[in-house]
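Note that the coordinates shown come from a computational prediction; the quantities given were computed from them, not determined experimentally.
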Amino acid sequence: MEQCACVERELEKVLHRFVMYGHQSEERLDELLRSVCEIRGQLVAFGVQDTDLSVLSQTMAQCCKNIKETVQMLASRHKDIHGSVSKVGKAIDRNFDAEISAVVAETVWDTPERQKYLSETIVEHLYRQGMLSVAEDLCQESGVVIDMSMKQPFLELNRILEALRMQDLRPALEWAVTNRQRLLDLNSSLEFKLHRLYFISLLSGGISNQMEALQYARHFQPFATQHQRDIQILMGSLVYLRHGIENSPYRSLLETNQWAEICNIFTRDACALLGLSVESPLSVSFASGCMALPVLMNIKQVIEQRQCSGVWTHKDELPIEIDLGKKCWYHSVFACPILRQQTSESNPPMKLICGHVISRDALNKLTNAGKLKCPYCPMEQNPSHAKQIYF
């Protein structure tokens, strides 16, 4: 992070100089234009007399001198900006390693099958981001064929998200009503939050929307049990509609961050219905790589300095374990091989020092006098050293 901060500081200096250069250039050029326009206006109004030729010559000479000085000044300052830009490049070279091939397997993308998987992953990411035309171009150039059944959900998702960003709730509401039962199975509150936001948009319109808001409140009936408190707050705000919600104790209902929140909730629940993660595999892999790369570079440097051969073999396993944080921990459903029970949040899987995994309940039952003997290998260890696995 310190390296990024160093580069960011240099970049901010360049951007500041660009802004200042733009303002100064506009001011000097506007001043020159006004001066030239005044001279032109005088010539058109009064003409040129023989007695005025010497004065006119001096005026034109001074005008040309000002223009030349301005051009030289702007060129000089523009050259200074080039120096600042070069400092950004030097800061990048100084703070980051340009050569990372030492920690990359050269043959990782050699086979056509792997290249196909990579292209499909990039295309899926582009569809998720709404870059449909770019995804189509990549499909044509890489030869990847994406079935329409895979494209359609992303097309619909991006269409609804774009409407939400424009504060249009109708497409999202239609989608939520269509998928109501599936959302209820997920214990999702998306449909209620959409109705709530639409009701708030009516409140922001003032007293003229009072009857429409009262009629729309009927949509809250299916959610009366689960969201009773929220509905009571919404209905209580109607009392202050004549004086304006923004001037009432309910002004928090008009906070603008609700639109960003509803976009995130919709993306999360829509991806869950599609059987997809909220973030694309490409973005997760990239983020994981950014966290792991500095550690791998340091390991490689130590290995080369100590001349340890055979430690790094470019196989599927890394020479050490790299902690990427809870956000990047992904595991399938795990059944404890000791108790034959599926793990849960209250009984999560635990990784022992030897690498074997059992459930927490099994860990507690196998612990004797503060010691634990792994049931798969005769390694004795401290149970407190076991790490919880998140899935």
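- The backbone N or O of L164 sits nowhere less than 3.5 Å from a side-chain atom of D168 that would complete a donor-acceptor pair.
- Annotation for R170: atom CZ does not count as buried by contact number, only 12 or fewer foreign heavy atoms lying within 6.0 Å.
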Step by step, would you call S384 with N382 a side-chain hydrogen bond (donor to acceptor under 3.5 Å, both in side chains)?
CA-CA 5 Å; S384 62; N382 190 330; 2.9 Å; yes

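- Judged by distance alone, the side chain of T343 and the main-chain N or O of F334 form a donor-acceptor pair under 3.5 Å.
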Tell me, with the steps shown, if I245 and I200 meet side chain to side chain contact (heavy atoms under 4.5 Å, CB included).
CA-CA 10 Å; I245 302 298; I200 292 173; over 6 Å; no

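- R128 has a carboxylate O that lies under 4.0 Å from a charged side-chain N of E124, or vice versa, which qualifies the two as a salt bridge.
- Using a 4.5 Å cut-off between side-chain heavy atoms of Ile, Leu, Val, Met, Phe, Trp and Tyr, with links allowed through other members, V85 and L15 fall into different hydrophobic clusters.
- Between Q228 and F220, the closest side-chain pair of non-hydrogen atoms is not below 4.5 Å.
- Atom CZ of R360 sits in a crowded spot, with more than 12 heavy atoms from other residues, nucleotides or ligands closer than 6.0 Å.
- Side chains of Q210 and R242: a donor-acceptor N/O pair is absent below 3.5 angstrom, by distance only.
- Inter-residue side-chain proximity for L190 and I262 is flagged as met; some heavy-atom pair is nearer than 4.5 Å.
- How far CZ of F154 is from CE of M131: 14.5 Å, rounded to the nearest 0.5 Å.
- For the pair S283 (side chain) and E279 (backbone), a donor-acceptor distance under 3.5 Å is absent.
- Taking CD of E174 as the start and CG of L194 as the end, the distance is 11.5 Å to the nearest 0.5 Å.
- Looking at heavy atoms from C-beta onward, S344 lies in side-chain contact with N347 at the 4.5 angstrom threshold.
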Step by step, would you call N257 with E261 a side-chain hydrogen bond (donor to acceptor under 3.5 Å, both in side chains)?
CA-CA 6 Å; N257 61 354; E261 180 186 358; 6.0 Å; no

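- From R34, atom CZ reaches atom CD of E38 across 8.0 Å, with rounding to the nearest 0.5 Å.
- When the side chains of ILVMFWY residues are joined at heavy-atom separations under 4.5 Å, either directly or via intervening members, I265 and L184 end up in two distinct hydrophobic clusters.
- Contact check for L203 versus L238: side-chain heavy atoms found under the 4.5 Å cut-off.
- Summarising the geometry of I353 relative to M379, their closest heavy-atom pair is CG2-CE, 3.7 Å, with the distance given to 0.1 Å.
- Residues R28 and L32 are not in side-chain contact: their nearest non-hydrogen atoms beyond the backbone lie 4.5 Å or more apart.
- Remark: Q72 CD is packed, more than 12 non-hydrogen atoms of other residues, nucleotides or ligands lying under 6.0 Å away.
- Proximity of L352 to V357: side-chain heavy atoms (C-beta onward) are nowhere separated by under 4.5 Å.
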Side chain to side chain contact (heavy atoms under 4.5 Å, CB included) between I358 and L366, worked out:
CA-CA 10 Å; I358 59 177; L366 292 173; 4.0 Å; yes

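- Using a 4.5 Å heavy-atom threshold, the side chains of V284 and P281 count as separate.
- Taking both residues in full, the closest heavy atoms of L253 and S237 are given as CD1-CB, 3.9 Å, listed atom of the first, atom of the second, then distance.
- Side-chain contact of S288 with S285: a donor-acceptor pair under 3.5 Å is absent, judged by distance alone.
- Remark: side-chain polar atoms of S35 are not paired, donor with acceptor, to backbone N or O of E31 under 3.5 angstrom.
- Y240 and H243 have their aromatic ring centers separated by at least 6.0 angstrom.
- The two residues A362 and I338 make their nearest non-hydrogen contact at CB-CB, 4.0 Å.
- Hydrophobic clustering (side-chain heavy atoms under 4.5 Å, transitive across Ile, Leu, Val, Met, Phe, Trp, Tyr) groups I231 together with V239.
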Going through the checks in order, is the side-chain hydrogen bond (donor to acceptor under 3.5 Å, both in side chains) test met by S204 and S201?
CA-CA 5 Å; S204 62; S201 67; 5.7 Å; no

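- Under the 4.5 Å side-chain heavy-atom criterion for ILVMFWY residues, no single connected hydrophobic cluster contains both I122 and Y117.
- Shown here for Q167 and W259, the closest heavy-atom pair between the two residues is CA-CZ3, 3.4 Å.
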Please test Y21 against L74 for side chain to side chain contact (heavy atoms under 4.5 Å, CB included), starting from the C-alpha separation and ending with a verdict.
CA-CA 8 Å; Y21 178 78; L74 295 178; 3.8 Å; yes

Before you tell me yes or no, could you show the steps for D185 and Q181 under side-chain hydrogen bond (donor to acceptor under 3.5 Å, both in side chains), namely the whole-Å CA-CA distance, both residues' side-chain angles and the distance that decides it to 0.1 Å?
CA-CA 6 Å; D185 294 340; Q181 188 56 50; 3.1 Å; yes

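- One distance of note links NE2 of H195 with NE2 of H227; it measures 11.0 Å at 0.5 Å rounding.
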Test F266 against K193 for side chain to side chain contact (heavy atoms under 4.5 Å, CB included), laying out the working first.
CA-CA 10 Å; F266 172 78; K193 289 184 179 294; over 6 Å; no

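- Of the charged side-chain nitrogens involved, none lies within less than 4.0 Å of a carboxylate oxygen, so that E113 and K116 do not count as a salt-bridged pair.
- Judged by distance alone, the side chain of R182 and the main-chain N or O of N179 form no donor-acceptor pair under 3.5 Å.
- At a threshold of 4.5 Å between non-hydrogen side-chain atoms, the residues R77 and I81 do not count as touching.
- With ring centers used as reference points, Y198 lies 6.0 Å or more from H219.
- Note: the hydrophobic cluster containing I389 does not contain M350 (ILVMFWY, side chain heavy atoms under 4.5 Å, direct or indirect links).
- Atoms CZ and NE2, from F18 and H78 in turn, are 6.5 Å apart once rounded to the nearest 0.5 Å.
- Minimum interatomic distance between N209 and L202 (heavy atoms only, all atoms of both residues): ND2-O, 3.1 Å.
- Put simply, CD on Q341 and OG on S359 are 7.0 Å apart, with the number rounded to the nearest 0.5 Å.
- Nearest heavy-atom pair across P337 and Y376 is CB-OH, 2.7 Å.
- The salt bridge (Lys or Arg N to Asp or Glu O under 4.0 Å) analysis of residues 362-373, with sequence neighbours excluded, yields no pairs.
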